[in-house]
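What follows is a set of notes on a single structure, which appears directly below.
Sequence lines set the chain letters: A, B, ... in the order given, protein chains first and strands last, and positions in each chain run from 1. Heavy-atom basis, side chains included; hydrogens, waters and symmetry copies ignored.
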Amino acid sequence: MNPILSAEHLTKRFTVVVGRKGLAGAVGNLFAPTKREIMAVNDISFSVEEGEIVGFLGPNGAGKSTTIKMLTGILTPTSGSAEAAGLVPYQRPRENARNIGVVFGQRSRLWWNLPVQDSFEYTKALYQIPEGVFRENLSYFSENFGVSEIMTKPVRTLSLGQKMRTEIAMAMLHNPRILYLDEPTIGLDVVGKNELHQLIRRINADRWVTILLLTHDVLDIERLCRRVMIIDKGSMIWHGGIEELKRAKGMEKHYHVLYESPCDPIQEPFIQVVQAEGQRHHYLCTEDVPMEVILPRILAVGKVVDFTVNDPPLDQVMRRIYTE
Amino acid sequence: MGAKITYYWRLYWTVLGMQLRSRMSFRLNFFVMLAGVFLREAATLALMVVLVRKFDGLAGWSTWEIAFLYSFVTLTFRNFSSFVGGIGQIPAFIRTGEMDVYLLTPSDPLFLINCRNTMIWRSFYNIGILAVTIYCAYKAQIAFAPGTVCCLAVLILCGMFILFAVYLIIYAVSIRVVEVSALLKILDSVYKQYMIYPISIYGRIAAWAFTFLLPLGLASYYPSGVLLGRVAGLTLGWGTLVIAAATCLWITAAFLLWRVFIRRYDSTGT
Amino acid sequence: MKQLWDYLKVSCKIELENQLVFRSNFFVSILSVVIRVAMLLALWSALYQGKTQVDGISLATMKCYTVVSIVFELFIACNVEQSVTGKVKDGSISMMLTRPASYPVTLFIEQLANTFQAVVVWVIPYLLVILLCGFARGVQLYLGPWFWASALGAYLLMFFYQLFFGMIAFWTQEISGFLQARDAVMLVFSGSMVPLWFFPEKLFALAQYLPFQAMYSVPLSILIGKITGPDIRSALLVQLGWLLGFWLLSQLCWRKSRRRMIVNGG
């Protein structure tokens with residue numbers, strides 16, 4: 001099967017004026033500005049299959065947005081190429097716009113002073129959505145995501161969660177094949193995030209829409225994606241499944257052991273004893289030591305009744321990747 | 001082609017309806033604003049009449065002829081800002097990165113920006129200014145034959161499109177330069193405060209520049225001049241034709257420039 | 001006092017830096033003043049064609065008046081009103097109450113910093129240009145104490161005038177339409193565009209009863225010797241009257257709005 005979204009050696013360079021500080025600097029800038037070239041995106045390649053939800057992670061200024069802007073057709077890459085749903089997006093941005101839906105968490109497309117339904121009507125005219133498709137989609141979102149009760153409310157009176165759901169519904173009205181979500185859960189509380197995660201999973205399953213999820217929030221990735229791309233300083237530093245990521249990068253493993261009777265904890269340089277009171281022991285291993293080395297040590301100090309191993313949480317893995 | 005026209009036609013009316021509804025809440029200010037605008041224009045006109053009368057005309061133009069030029073310029077600027085002034089948001093959109101939203105639709109971005117930010121209800125004011133223009137034309141002894149009226153209508157339209165072209169060129173440049181507010185301020189004031197006099201008074205180089213380089217003269221001195229029969233070597237008919245042709249050229253150039261620059265859009269706004 | 005002085009110093013530095021941040025904008029601003037001067041001079045020359053004097057004013061005097069009035073406008077420029085209405089709109093005005101210095105005093109210091117910037121970046125260079133280009137040649141300029149007194153008076157009057165209208169923003173949310181109309185009146189009667197002495201008698205008389213002439217026309221007329229002798233004193237008294245009037249009004253408005261803000265919680 002052909003991938004629906006792919007990038008080959010995608011690269012974008014910007015020239016920026018470097019501002020100097022202070023009064024002397026300001027006068028200097030006036031006459032001789034210093035310019036510098038910035039590698040915003042450096043040789044990124046990947047492909048996404050139809051129907052996948054792929055996470056796109058990276059700290060601020062890592063090049064996430066620049067990549068997305070090239071994929072959506074706003075920017076033309078300096079070199080390399082991209083393809084989305086059979087089109088080269090930056091060559092035919094307007095045609096490409098019909099194939100994609102984009103939601104910016106921080107930039108609304110809704111009409112602030114008007115009821116939600118007006119924004120939908122606007123989308124209908126903008127994307128030339130046929131009446132039948134429009135009605136069908138409207139009823140789909142009304143039934144499943146509580147959009148019907150807010151249809152007549154002015155957008156400015158909606159809660160952040162409602163607004164985000166409306167934004168996503170609006171981006172899906174013209175049946176796009178790829179949906180780009182840029183920080184969709186920003187500013188939401190736990191409940192709001194939960195609802196939004198459900199909605200995203202649901203439309204992915206019902207509509208078979210491919211989703212690229214840009215986020216800071218590791219929780220979004222953990223709940224929604226099976227595959228993740230991590231980008232830092234313009235380069236792809238990890239690309240693959242989440243389980244593999246944890247296995248490869250997560251070295252912090254917690255062992256909770258319940259012994260039959262109280263015993264002394266293990267004494268090894270590579271094992272930290274977090275807790276060892278009576279029968280309950282909690283060990284922490286921060287080095288890359290294989291299971292077959294640790295297991296015999298645990299069994300050696302006493303008879304084991306119960307035993308669990310906890311993988312590291314994803315955010316810890318992320319922190320480690322960025323600091324490496 | 002037909003399908004495209006239907007598409008943009010429908011889109012325009014949908015958006016316009018929404019714009020009107022979303023602005024309805026500020027009705028009182030609407031009328032106060034109307035009075036303010038009217039007073040401002042009236043005051044500037046009165047001031048100019050006082051001045052030109054004191055000096056018995058300017059560069060061979062009588063007081064009423066200058067008043068006609070003034071009202072023509074004001075009308076043209078008002079038409080520009082109420083019908084195609086929505087594009088005035090472009091520099092702000094470039095600065096804030098809001099431009100991205102307009103580039104991510106199947107519609108032409110320029111069209112969408114103009115209609116989502118239109119001030120078309122302000123054209124309501126223009127009726128008053130049109131009345132003043134016609135009155136000044138009458139006082140300046142322009143004979144109202146059907147042909148003259150047609151030419152006047154065409155010239156008013158051309159003036160609007162010349163301004164559109166000039167501003168669009170600057171907005172296109174703003175894609176690379178980002179901060180153009182000072183430049184726009186100059187352009188506003190040059191047109192509204194200095195193009196209300198015959199450009200010949202600014203010397204030969206400036207007159208040449210306002211004809212060919214920064215064609216504001218094509219939206220002020222020349223159309224008024226041919227209507228008043230004050231441009232040497234140009235009759236009303238030929239003058240109108242030449243101005244219309246120049247307008248087409250400038251519009252084409254502006255669109256081409258816009259396309260070149262929008263392709264190189266960096267989206268560096270915050 | 002020391003605190004206020006420090007605040008003034010910091011504000012001056014920031015204002016100066018802000019002016020230079022956008023390089024193209026800075027150069028274009030210079031260009032805009034040059035264009036304005038050139039256009040207005042051309043206009044006056046065209047108007048004076050074939051005449052040596054109109055109402056006792058020669059072309060040379062008129063040219064000098066034009067250039068000087070543009071420089072004076074840069075000196076007197078004030079954005080207190082904008083600053084206050086902006087803060088009322090976004091609600092940050094309530095923050096100002098928590099500061100140790102009273103808000104009008106803070107505003108005045110910011111205005112001083114703004115003027116400092118204008119003088120360093122604009123006024124001084126233009127004055128040099130005026131001297132070099134010889135605009136003042138053949139014109140008797142009066143630079144005695146009365147001129148400086150009237151310039152200072154105009155400066156303070158401008159500040160309190162804007163402060164007063166800024167304070168009005170507390171009561172009325174949306175007054176932009178009214179302000180447009182007011183600015184139109186000001187444009188005519190300040191004499192910044194067309195000097196008042198060219199007005200018909202009745203309009204000239206009306207201008208005498210409005211505060212705007214005390215902002216531009218009085219100091220500039222003293223400078224180029226259009227007002228002399230005992231007339232200077234009466235013009236200055238009128239200016240002082242307006243100054244006191246707007247000072248009182250703005251103080252009153254400030255007191256009332258502060259009480260209102262404390263009651264309503266901002």
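Within the 4.5 Å cutoff, side-chain heavy atoms of Phe104(A) are placed close to those of Leu104(B).
A donor-acceptor pair under 3.5 Å is formed between the side chain of Tyr7(B) and the backbone N or O of Leu126(A). With Arg21(B) contributing its side chain and Asp118(A) its backbone, the two residues share no donor-acceptor pair below 3.5 Å.
Heavy-atom distances place no part of Thr66(A) under 4.5 Å from chain B, backbone and side chain included. Interface remark: Ser107(B) contributes backbone and side-chain atoms alike to the contact with chain A (heavy atom separation under 4.5 Å). Looking at Ile74(A), both its backbone and its side chain come within 4.5 Å of chain B, counting heavy atoms on both sides. Looking at Ile262(B), neither its backbone nor its side chain comes within 4.5 Å of chain A, counting heavy atoms on both sides. If you measure heavy-atom distances from Thr76(A) to chain B, the contacts under 4.5 Å come from the side chain alone. Of the atoms belonging to Arg264(B), not a single heavy atom falls under 4.5 Å from chain A.
Of the listed residues Asp100(B), Leu11(B), Val15(B), Leu112(B), the one with more heavy-atom pairs under 4.5 angstrom with chain A than any other is Asp100(B). Heavy-atom pairs under 4.5 Å with chain B peak, among Tyr127(A), Trp111(A), Tyr90(A), Trp112(A), at Trp111(A).
Asp217(A) is linked by a side chain to side chain donor-acceptor pair (under 3.5 Å) to Lys193(A), counting only residues two or more places apart in sequence or in another chain. Taking the side chain to side chain donor-acceptor pair (under 3.5 Å) definition, one finds that Thr185(A) meets it with Asp220(A), sequence neighbours left out.
The two residues Thr105(B) and Arg94(A) have their closest heavy-atom pair at O-CG, 3.6 Å. Minimum heavy-atom separation, Leu75(A) to Tyr265(B): CD2-O, 2.9 Å. Residue Ala97(A) comes nearest to Pro106(B) through the heavy atom pair CB-N, 3.7 Å, listed as atom of the first residue, atom of the second, then distance. Here the shortest heavy-atom pairing between Arg116(B) and Arg109(A) reads NH1-O, 4.0 Å.
More than 12 heavy atoms of other residues, nucleotides or ligands sit less than 6.0 Å from atom CZ of Phe46(A).
Of the inter-residue distances, the one linking Arg107(A) atom CZ with Thr96(B) atom OG1 reads 6.0 Å to the nearest 0.5 angstrom.
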